[in-house]
Number of protein chains: 2
Amino acid sequence: MISKSEKTSVLIVGGGALGSVFGWRLQLGGCSVSVVCRSNYEIVKNSGFQIESGKFGNAVFSPDHVFSSFNAAIAECDFYYDYIMVCTKTLPNISNPADVLMGSPINQKTAIVLIQNGVDIEQYFHEAFPNNILISAIAYIDTKQTESGVIVHGEAISLQFGFFIPEQTETQRSTSSVSTDISLLETLEKHLIAGNSGCKILDNVSRDRWLKLVWNSSLNPISVLSGGSNTKEMLANPVLCDLIVAAMMETITIGEAVCKMPLSPTIASSDIPEYLLGSVRKRIKPVYPSMLQDYLNKRPMEHEVILHNAIKRADSVGVNAPVLKTLYALIIGAEKKYLN
Amino acid sequence: MISKSEKTSVLIVGGGALGSVFGWRLQLGGCSVSVVCRSNYEIVKNSGFQIESGKFGNAVFSPDHVFSSFNAAIAECDFYYDYIMVCTKTLPNISNPADVLMGSPINQKTAIVLIQNGVDIEQYFHEAFPNNILISAIAYIDTKQTESGVIVHGEAISLQFGFFIPEQTETQRSTSSVSTDISLLETLEKHLIAGNSGCKILDNVSRDRWLKLVWNSSLNPISVLSGGSNTKEMLANPVLCDLIVAAMMETITIGEAVCKMPLSPTIASSDIPEYLLGSVRKRIKPVYPSMLQDYLNKRPMEHEVILHNAIKRADSVGVNAPVLKTLYALIIGAEKKYLN
């Protein structure tokens, strides 16, 4: 049985490319970091994560504790975790994303931090854990697991996060038993800064999720459907660039209808696509978007939270989304073909 | 030097899956049929086409004359062909489609028959041969060349055709030196019927091209982009079915704006998609649309005449085409990736 230390306790669920790097920085930033690993459990338990980072150099990250399951992570500790960080892929078409935290009770004082792509990803956890604080987080990071336990991280690392506020009315919220104590966000911020990660507390995390989706809903599926093209290959093709811009503009229009405000406080909506494409053009190395990596490795893609949830929102707010609907249908077809 | 026989003389340019079967039926229907072959010249010259036909049984089709080039087909004959039938793919992004008839003069009494997919395919030939009659033809046939000179034909065989009428005003037409003598169509019809091919003379071939495009602009690119799915795989997927219907409806809307009339004289426009999908569902064997065959064999696809020409028309008549534009951009990207 593991006992509570003085440190802030963090449990990372999903010890892959994302969870390992943030776990590493949080440990260096003063936290006690436990990690639930699946396929790489044995190697991480024995030798830790071998991390090759462009920003931080090479290092071994040995978590304070490594568990092979969420149940073990709960059962073997006599305290509650301050934060449980969910760093798994969100595949609601395959199983309920909240299932990764099922089987053992979670203390109501534990904040659940969702570091996941897409929009409306919080609904699955909100329904399963209505009495826990949900912190919704957006990662800006360039990282991949090249082999079991070996993580290659680039230069970028930043976590932006804020409280998930359910869309019920203010009255409902004020009577909710879940209090959103800002110090929960500030503690996380403090440790991330101490661990040399970028971070930012968000007032309106939904808006920032939509802003990030502008990139994800366009470059991700288009990279897969254009025969598996990376960003350099896509951007060299003017017809594909036009399509990327069309998908981005559609996403912006939906997001603004949902959030009832411009997605960016500083960039005019019509300038967002060129701003994002400009940032990609500047990169020397081509980017392989996450869906493209999944496609190339014949793994399931996160099309539900990156495309389908956006399309459902488009339908509910009455915005046309013919480009996203086309991309979604083709991605579903292509995935079915390679998973079979 | 080959001399004129009593028979109607036909030169097939493009001795592939399409040209060989129609050449075969026309020869059996009483024509003298010459064929220009490229990659399969030697084998066809020596042994003819080996045809395995579900409808007609197995047979060898030995053309009256086999040439290795269009120039040879003209130079080695002391007469003019009654019909030159162009059965090549239309790839205006790679070269001018009319180039297949360049290099030797074509007698103005020769009718040029274009048996090709897509819309606005006649423009390339009309510009190059303004003084020749152009017959625009639509083939309904299920045929492929499985190896050099070996053709597998299914059950369907029909050729629908009519005069290409340039979009200039009636006044311009009446002053044109090209007379459209209906007997040119009737002679072709007579030989096709004698050769047991279905056939139909069309008053408005443009309208029928658009009707056929409803199938081609949807099933073709979607089969490629959904990871290479045949019709059975596509139709088993409701999300893909919705996309197919959306692409079909977009094509119908464009075609009706261009033709200024409903595309079908008998089927309500909104019923056309389900009518076409129903006909596909009835087939026992899955269909591999032509673009899918090209994709699987890493050959160029006919995206310009099947998608781009339709999109240009949509823009010129002010009809939105977001689905076709998305499909086109992705097809361009996917093709570039596999041709490289």
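We name chains A, B, ... by the order of the sequence lines, and we start the count at 1 in each one.
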What pairs with B:T326 under side-chain hydrogen bond (donor to acceptor under 3.5 Å, both in side chains), at least two apart in sequence or on another chain? none

At a heavy-atom distance under 4.5 Å, which candidate from A:I332, A:L330, A:L243 has the highest pair count against chain B? A:L330

Which of parallel (below 30°), tilted (30 to 60°) and perpendicular (above 60°) describes B:Y328 and B:H308? parallel

Using distance alone, with no hydrogens and no angle criterion, decide if A:S269 and A:E256 have a side-chain donor and acceptor under 3.5 Å apart. yes

Using a 4.5 angstrom heavy-atom cutoff, name the option from B:N340, B:N237, B:I331 with the most pairs to chain A. B:N237

Check each of A:L292, A:V224, A:L91, A:L339 against A:M301 using the side-chain contact (heavy atoms from CB on, under 4.5 Å) test, and report the only one that passes. A:V224

When A:S226, A:A247, A:G333 are compared by non-hydrogen pairs under 4.5 Å with chain B, the top option: A:S226

